[in-house]
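Report on the structure given below.
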Amino acid sequence: MITIIIADDEKLIRAGIKKILMNAFGDVIAVLEARNGREAYELALKEQPDVIITDIRMPEMDGVELMRKLTGLEHKPAIIVLSGYDEFTYAKAAIASGALSYILKPVDTEELINSVNSAITSAHKEEKERSEQALRTIMTEGVLKNDTELPGYKFPNGMYCISVRGKHCSEAVTTILSQVQYYTLEQKKDFVSMVIPREALYLIESDIGLSSFIIGISSSADSVMEIRTLRRESYSALLQYFFSVKTDQHHKSGIFYYTEKNAVSDFSDIDARYEKCIGCLDILPTEDVQKALGAMFDFSSFRPDQRAECFRYLYEKIVNNLFKRYPGYSDSDMYLRLKAIMIENIWQSETLTEWEGYVSDYTVYLAVVLKKHSEPYPFITKAVDYINKHYTENINMSVVANQVSVNYSWFSEKFKEQTGVNFNEYLKRLRLEEAERLLEKGCYKVYEVAERSGFGDVKYFMKTFRTGTGMSPTEWKNKHQEK
């Protein structure tokens with residue numbers, strides 16, 4: 001329901017405006033009255049209205065002062081200004097304060113209704129944007145501090161998350177859903193992910209206009225707090241398309257559903273393949289990198305109905321880890337940056353093989369660059385190899401420098417020069433990545449993770465983990481427990 005406040009010191013004018021609004025909009029609005037700006041402001045603080053219709057000249061607090069105070073509210077209402085004074089000064093003050101419309105008295109009924117219609121449209125848009133931001137916060141942080149932002153009441157019968165791929169798919173889906181409430185979670189070129197009410201699913205399933213698109217549909221849920229899981233499921237469902245049988249050289253269009261059969265509880269095999277390939281790029285010969293990439297992309301050992309979920313996990317691991325793993329190179333090389341964009345925009349790939357080719361190009365090129373930069377100082381390559389194998393143990397720079405028989409100070413200088421970060425930062429990143437992986441498994445206590453990842457001291461681990469991730473180990477574990 002839309003809440004409207006009418007602020008005017010003349011009772012008959014308030015009554016007349018209210019009658020016009022109730023006749024035009026009926027039960028979709030609630031109208032409150034205020035005799036001056038002070039009463040209107042107090043009502044605004046309490047009721048958080050969507051629209052305020054205010055006179056300019058009022059006792060105690062005039063309309064100009066009211067508008068100035070309203071600009072400080074977190075959810076600023078749309079403002080329509082009424083005035084019996086056709087003077088530029090008042091219009092200028094209203095515009096400066098963000099008024100949507102400026103209407104002269106006596107009020108023209110059609111003009112008032114049109115202005116309120118615009119204000120209601122603006123209020124709906126702002127409410128939708130706030131709700132979408134709240135959902136994105138839940139997706140990224142797992143929680144929402146302000147429960148009043150939850151849009152859950154919009155889905156009394158539950159919800160689905162849909163992910164759609166295809167040229168101009170966002171416009172097509174938006175048109176089909178124009179009569180229902182939906183929220184956009186993510187939108188890119190030829191891709192959109194949305195939350196829709198359960199009763200609207202039939203619109204997606206039955207509309208012939210969507211037959212040329214690929215659609216992934218999650219399981220249903222009753223709480224928006226499950227939005228992260230729903231989006232992940234819709235991604236996995238959409239990725240089933242890459243593993244589906246093709247009827248011709250073009251994409252096979254259709255709808256794919258996520259079910260319990262698609263769920264995977266253990267991704268340790270994928271983690272191991274990933275680390276075997278990505279974790280040793282600066283050491284492995286090029287042919288070994290290509291061989292490791294082939295093993296990483298081999299999904300034949302997984303059940304057919306679980307391959308899309310495994311692929312989704314690998315895709316997110318690559319996007320969230322690979323590009324950041326070698327910051328001295330990945331952020332500065334134009335070729336790597338362009339390939340990273342192509343990898344991240346997976347929905348632009350025509351086939352799984354095409355996308356895997358982008359990953360291979362990126363990885364092999366990065367491996368060559370890493371080796372090229374490490375050639376003048378082979379002891380750095382040996383040191384990195386040693387660290388990658390022993391980072392969970394009680395090692396430090398002195399231990400590693402001795403291991404490769406190099407002076408401590410010289411080692412420190414060249415290590416940072418060749419890797420882009422100092423020794424302690426490099427070691428900390430490896431340990432944090434291992435800690436994140438162990439926490440995501442959900443079977444280890446915090447002190448066990450501290451020990452297994454190489455941190456040892458629990459207090460130091462917890463402090464370092466929060467600094468590095470912005471979360472406590474427990475929060476990270478809870479955030480990823482559904483994976």
Side-chain angles (χ1 to χ4, degrees), residues 121 124-140 151-152 154-155 158-221 224 226-244 250-258 262 308-309 311-312 315-316 319-320 340-352 354-355 358:
T121 300
H124 280 153
K125 181 180 179 181
E126 290 182 7
E127 179 192 16
K128 187 170 185 290
E129 289 174 352
R130 288 195 300 269
S131 295
E132 288 176 344
Q133 184 55 51
L135 289 173
R136 294 186 187 112
T137 299
I138 295 173
M139 283 197 309
T140 56
K154 295 293 186 181
F155 301 122
M159 72 205 80
Y160 291 94
C161 181
I162 63 170
S163 291
V164 186
R165 169 192 175 165
K167 194 170 183 178
H168 305 305
C169 60
S170 179
E171 295 90 331
V173 176
T174 298
T175 300
I176 291 169
L177 298 175
S178 60
Q179 299 303 311
V180 300
Q181 186 65 56
Y182 67 89
Y183 297 108
T184 300
L185 300 177
E186 184 180 0
Q187 184 174 345
K188 297 181 179 180
K189 183 181 178 181
D190 301 334
F191 171 80
V192 67
S193 183
M194 296 175 170
V195 180
I196 64 172
R198 182 176 289 168
E199 58 271 20
L201 183 61
Y202 82 96
L203 296 173
I204 301 298
E205 294 175 318
S206 61
D207 196 292
I208 193 171
L210 297 181
S211 59
S212 61
F213 300 123
I214 312 300
I215 304 172
I217 300 176
S218 71
S219 61
S220 63
V224 293
E226 298 180 61
I227 194 65
R228 192 207 316 246
T229 299
L230 296 185
R231 193 194 70 151
R232 171 176 60 80
E233 291 179 353
S234 72
Y235 264 49
S236 291
L238 187 58
L239 289 171
Q240 290 177 28
Y241 149 76
F242 279 124
F243 297 90
S244 64
H250 301 288
H251 281 326
K252 177 185 176 183
S253 60
I255 298 177
F256 298 89
Y257 298 86
Y258 187 92
N262 305 129
E309 174 76 333
F311 178 45
R312 190 272 316 163
Y315 165 75
E316 292 183 353
V319 170
N320 295 327
I341 292 172
M342 298 167 80
I343 292 169
E344 188 169 1
N345 294 333
I346 187 172
W347 313 116
Q348 297 297 310
S349 296
E350 291 297 315
T351 64
L352 182 57
E354 179 183 341
W355 182 82
Y358 297 144

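Scope of the values below: all heavy atoms of this structure, side chains included, with no hydrogens, waters or symmetry mates.
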_Atom pair CD1 (Ile343) and OG (Ser349), whose distance is rounded to the nearest 0.5 Å_ = 9.5 Å

*Does a side-chain heavy-atom distance below 4.5 Å link Val173 with Ile162?*
yes

*Just how far is it from atom CZ of Phe213 to atom NE2 of His168, taken to the nearest 0.5 Å?*
8.5 Å

*asked:* Quick check: do Trp355 and Phe242 have side-chain heavy atoms less than 4.5 Å from each other?
replied: no

*Among pairs that include at least one residue of residues 167-185, which meet salt bridge (Lys or Arg N to Asp or Glu O under 4.0 Å), considering only residues two or more places apart or in two chains?*
none

*Tell me, do Leu210 and Ile176 make a side-chain contact under 4.5 Å, heavy atoms counted?*
yes

*asked:* Let me confirm one number: the CD-CD distance from Glu309 to Gln240, rounded to the nearest 0.5 Å.
replied: 9.5 Å

_Heavy-atom side-chain contact between Leu185 and Ile227 under 4.5 Å_ = yes

*For the rings on Tyr183 and Phe155, is their centre-to-centre separation under 6.0 Å?*
yes

*First locate atom CZ of Arg228, then atom SG of Cys161, and finally report the distance between them rounded to the nearest 0.5 Å.*
13.0 Å

_ring pair (Phe, Tyr, Trp, His ring centres under 6.0 Å) for Phe191 and Tyr235? Distances and angles first, verdict last._
CA-CA 11 Å; Phe191 171 80; Tyr235 264 49; 5.7 Å; yes

*Answer whether the closest heavy-atom distance between the side chains of Trp347 and Ser163 falls below 4.5 Å.*
no

*Looking at Ile215, Ile217, Asn262, which hits side chain to side chain contact (heavy atoms under 4.5 Å, CB included) with Tyr257?*
Ile217

_Closest non-hydrogen atom pair between Tyr315 and Glu344, with its separation_ = OH-O, 2.5 Å

*Mark yes when over 12 heavy atoms from residues, nucleotides or ligands other than Lys188 sit less than 6.0 Å from its NZ; otherwise mark no.*
yes

*Measure the OG-OH distance between Ser218 and Tyr160 for me, rounded to the nearest 0.5 Å.*
8.0 Å

*Is any side-chain heavy atom of Val180 closer than 4.5 Å to a side-chain heavy atom of Glu199?*
no

*Would you please test Ile346 and Tyr358 for side-chain contact (heavy atoms from CB on, under 4.5 Å) and show each step?*
CA-CA 10 Å; Ile346 187 172; Tyr358 297 144; over 6 Å; no

_I want to check something: taking the side chain as every heavy atom from C-beta on, are Thr184 and Lys128 in contact at a cut-off of under 4.5 Å?_
yes

_Side chains of Leu230 and Tyr258 in contact at under 4.5 Å (non-hydrogen atoms)_ = no

*Can any side-chain N or O of Asn320 pair as donor or acceptor with the backbone N or O of Glu316 at less than 3.5 Å?*
yes

*Mind checking the CD-CZ spacing from Glu186 to Arg231? Nearest 0.5 Å is all I need.*
5.5 Å

*Which atoms form the tightest heavy-atom contact between Ile255 and Ile204, and what is the distance?*
CD1-O, 4.1 Å

*Heavy-atom donor-acceptor pair, Gln348 side chain to Lys189 backbone, under 3.5 Å*: yes

